[in-house]
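Chain identifiers are assigned alphabetically (A, B, ...) following the order of the sequence lines, protein sequences preceding nucleic acid strands; residue numbering begins at 1 within each chain.
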Amino acid sequence: MIISSFNVNSIKARLPRILEWFDDRQPDVTVLQEIKCVTDAFPAAPFEDRGYHVEVFGQKTYNGVALLSKTPPEDVLRGVPGFDDDNARYIEALIPHDQGAPVRVGGLYLPNGNPAPGPKYDYKLAWMAAFEDHARDLLAQEEAVCLLGDYNVIPDPSGVYAPDRWTEDALFRLETRKAFRRLLNLGYVDALAQVKDAPFYTFWDYQRGAWDKDHGLRIDHCLLSPQAADRLTGGDVDRQVRDPALGNQDAKPSDHVPVWISIGPKETEGGET
DNA sequence: ATGGTTGAAAATCAA
């Protein structure tokens, strides 16, 4: 079962390229971030035509997340429990697996937090604290859990093209990295780091020719509970989706690319692939 | 040191 995440930076502006990627990757579950539309305005039809169930947590102009799955999702949840958030940044559902135990999938769009320090950074840290509480509660259920999306966190220096230039940025500040590390210390596994060799990136700024110079950031992540990590069979970053010269030319690329992992029916011999 | 780009929206704000 392929579980994927894609910060699309507007579902409407990106639709031709998103559909092209869906047809190539054929994910069983996808979470989308920054759809930038209200729930009723989400273009569900082309996804439903491809056999997906569509769950949306929309917002006007900014943010907005969605969860699309080939099997009907159960226990759909919108927002991080117990956190009073003005923004639509989290959606979660229990997804049946055709051969094994179901996987609880949470899709998140963690606040950017810049400029730091300041109120926006305080909001980021508060969001991370609430998410940590929820992630801890999920672990206690002893299920296969996959929490993926745009974390807006660079976990370590390998995740940024010039670490020394980013030490004061909200995505890379020590306090941000420590909050991310606390999630891992709960018992979650950074799945992409398991299946790929560093360095690799998932985002390239639109400005300053970042793509051409490969000035990227690793900020989209997939965290797995032990029960899910034991079933990890693969994963990758679909980097080609960022190339303006490739793919459907009816739309420009997002500044993020899709990431995906594969979850098998049961525990794999020796862990990974 | 500044500027460079994109999207939604209607002047800027967020990224």
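- Between Tyr188(A) and Leu183(A), the shortest heavy-atom contact is CD1-O, 3.5 Å.
- When the C1' atom is compared between dG7(B) and dA1(B), the two are found 27 Å apart, to the nearest whole Å.
- Rounded to whole angstrom, the span from the CD1 atom of Ile219(A) across to the C1' atom of dA15(B) amounts to 10 Å.
- For the 3.5 Å distance criterion, the side chains of Ser5(A) and Gln33(A) qualify, holding a donor opposite an acceptor.
- Looking at Asp190(A) and Arg218(A), a side-chain N of the basic residue comes within less than 4.0 Å of a carboxylate O on the acidic one, giving a salt bridge.
- With 3.5 Å as the limit, one finds no donor-acceptor pair spanning the side chains of Asp85(A) and Tyr90(A).
- Between Asp169(A) atom CG and dA14(B) atom P there is a gap of 16 Å when expressed in whole angstrom units.
- dA10(B) and dA14(B) have their P atoms separated by 14 Å, given to the nearest Å.
- Comparing dT5(B) with dA9(B), their P atoms are spaced 22 Å from each other, to the whole Å.
- There is a side-chain donor-acceptor pair under 3.5 Å between His134(A) and Glu92(A).
- Cluster partners of Ile2(A) are Trp260(A), counting Ile, Leu, Val, Met, Phe, Trp and Tyr whose side-chain heavy atoms approach within less than 4.5 Å, directly or via other members.
- A heavy atom closer than 4.0 Å to some atom of DNA chain B occurs in Tyr109(A), Asn112(A), Lys120(A), these being the qualifying members of residues 108-127 of chain A.
- Atom C1' of nucleotide dA15(B) and atom CG of Asn152(A) are separated by 8 Å, given to the nearest angstrom.
- Taking atom C1' in both dG3(B) and dA15(B), one finds a spacing of 16 Å when rounded to whole Å.
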field: Per-nucleotide protein contact string for nucleotides 4-12 of chain B (B base, S sugar-phosphate only, - none; heavy atom under 4.0 Å)
entry: BBSSSS---
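- Checked by atom type, the side-chain pair Tyr206(A)/Asn9(A) shows a donor-acceptor distance below 3.5 Å.
- His221(A) and Phe180(A) have their aromatic ring centers within a separation under 6.0 angstrom.
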